[in-house]
Amino acid sequence: MTVLILGGTAEARDLAARLRERDVEVVSSLAGRVTRPRLPVGAVRIGGFGGVEGLTAWLRENRVQAVVDATHPFAERIGANAFHAAQAANVPLLRLARPGWQPTDADRWHWAADLEEAAALLPGLGSRAFLTSGRQGLAAFADLDPLWFLIRCVDPPDQPLPRRHEVVLDRGPFRLDGERALMTEHDIDVLVTKDSGGAMTSAKLTAARELGLPVVVVRRPPRPAGAETADVTAAVEWVLQQ
C-alpha cells in the first residue's frame, strides 16, 4: 500500500520511519517553507499540490490508500485541503496531532485567538518581548514601536518587522538553561508563542514560569472534524488496518 504523510513535524518523521520498518510505501510531503528541513525516511516531495483539486488528482494518480495529516497545528490551509481531497478521492484520512500545551497554576498565560489579538495584548504586559511565533505573520507586531522584540525563527523572517528588534536564527530542540539565559540576557519581560505543543520548544514556557513572566499564547485554529490521534503508535496501527 502507499501512504501519504503530510508534514515535516517530528511526529511525521517518526511515523514514516515506523511504517517503512513495516514495509509500507510512504511518501512524505513537505511544504518547502524551511530552507533545510529535516527529511524523513522514504520518498519525499516538496511543495504544494495546487489546492484541493490538485491534491485529489495526485491521490488518485498515485493510488494512495491512506493519508495521514501530520502537519504543524497551525498549518490550517493544507489541513483543510487534505480533508476535502481525501473525501473527494474516497481515501481514508487520519489527523496525527500532538497535544497542545497546558498551563500550570504557576503560569501567567494570556490566550489570544490570533497574532493580531496577541499584538493587541502586548502593550499591557511588557516592553521587551520574546517573539517565537514563527517567521510568518510578524506584520501584526510591526506597528508596536514602543516595544522591543527578540524574534526567533528557523529562517529569516518575512517583512515588515517591528522597528526595534533583533533576530535570532535557531532551530529546536531548546534546553531550559539556554532559554532562561537568553531571556535574562535580553531583559525579556513577556513571551509570545503559538500553542504548537510538543517537547522540542516547550522549555521557553518553563523558563518564563521560573522567571515569573507573562506569556501570550495563540490558540490553535480549528480543523475539520474527523479521525484523530496524538499517538504515533496508534497512527501506525490505523494505517495497517486500511
Q | Option from Arg128, Glu166, Met183 for which side chain to side chain contact (heavy atoms under 4.5 Å, CB included) with Leu150 holds | A | Glu166

Considering all heavy atoms of both residues, which atom of [X] and which atom of [Y] are nearest to each other, and what is their separation?
X	Y	value
Trp101	Ser202	NE1-CB, 3.6 Å
Asp69	Gly79	OD2-CA, 3.5 Å
Arg20	Val41	CG-CG2, 3.7 Å
Ile188	Trp148	CD1-CZ3, 4.1 Å
Gly7	Ala12	O-CB, 3.2 Å
Glu237	Arg22	OE2-NH1, 4.0 Å

(Q) Set out, in order, the CA-CA distance, both residues' side-chain angles and the distance that settles side chain to side chain contact (heavy atoms under 4.5 Å, CB included) for Val218 and Ser133, then state yes or no. (A) CA-CA 8 Å; Val218 179; Ser133 57; 5.7 Å; no

Q. If you draw a 6.0 Å radius around CG in Asp143, do more than 12 non-hydrogen atoms from other residues or ligands fall strictly inside?
A.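 At most 12 heavy atoms, drawn from other residues, nucleotides or ligands, come within 6.0 Å of this atom.
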
Q: Evaluate whether atom CG of Asn90 has more than 12 neighbouring non-hydrogen atoms of other residues, nucleotides or ligands under 6.0 angstrom away.
A: no

Backbone of [Y] reached by a side-chain donor or acceptor of [X] within 3.5 Å:
X	Y	answer
Arg13	Leu39	no
Thr132	Val192	yes
Arg45	Gly47	yes
Arg175	Glu179	no
Asn62	Trp58	yes
Asp195	Arg220	no
Asp114	Glu116	yes
Arg38	Gly8	no

If you define the side chain from C-beta out and look only at heavy atoms, does anything of [X] sit under 4.5 Å from [Y]?
X	Y	value
Thr71	Arg95	yes
Leu138	Phe149	no
Asp158	Arg135	yes
Val91	Val67	yes
Pro40	Ile5	no
Thr193	Leu205	yes
Leu144	Pro123	yes
Ser28	Leu15	no

Q) Taking only residues at least two apart or on different chains, which pairs with a member in residues 205-214 satisfy salt bridge (charged side-chain N to carboxylate O under 4.0 Å, His left out)? A)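 Sorted pair list: Asp107-Arg209, Arg180-Glu210.
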
How many angstroms lie between [atom1] in [X] and [atom2] in [Y], if you round to the nearest 0.5 Å?
X	Y	atom1	atom2	result
Glu228	Leu93	CD	CG	10.0 Å
Thr184	His186	OG1	NE2	11.0 Å
Leu211	Arg108	CG	CZ	11.0 Å
Arg164	Leu147	CZ	CG	8.0 Å
Leu131	Leu122	CG	CG	8.0 Å
Asp177	Thr206	CG	OG1	12.0 Å

Q | Flag for Arg98-Ser196: side-chain donor and acceptor within less than 3.5 Å | A |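 Judged by distance alone, the side chains do not pair up.
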
Q) Given Phe130 and Leu182, is the side chain to side chain contact (heavy atoms under 4.5 Å, CB included) satisfied, shown in steps? A) CA-CA 9 Å; Phe130 185 19; Leu182 186 65; 3.6 Å; yes

Q.
Assigning hydrophobic clusters by single linkage (Ile, Leu, Val, Met, Phe, Trp, Tyr; side-chain heavy-atom cutoff under 4.5 Å), is Leu96 placed with Trp238?
A. yes

Q. Do the ring planes of Phe74 and His72 sit parallel (below 30°), tilted (30 to 60°) or perpendicular (above 60°)?
A. tilted

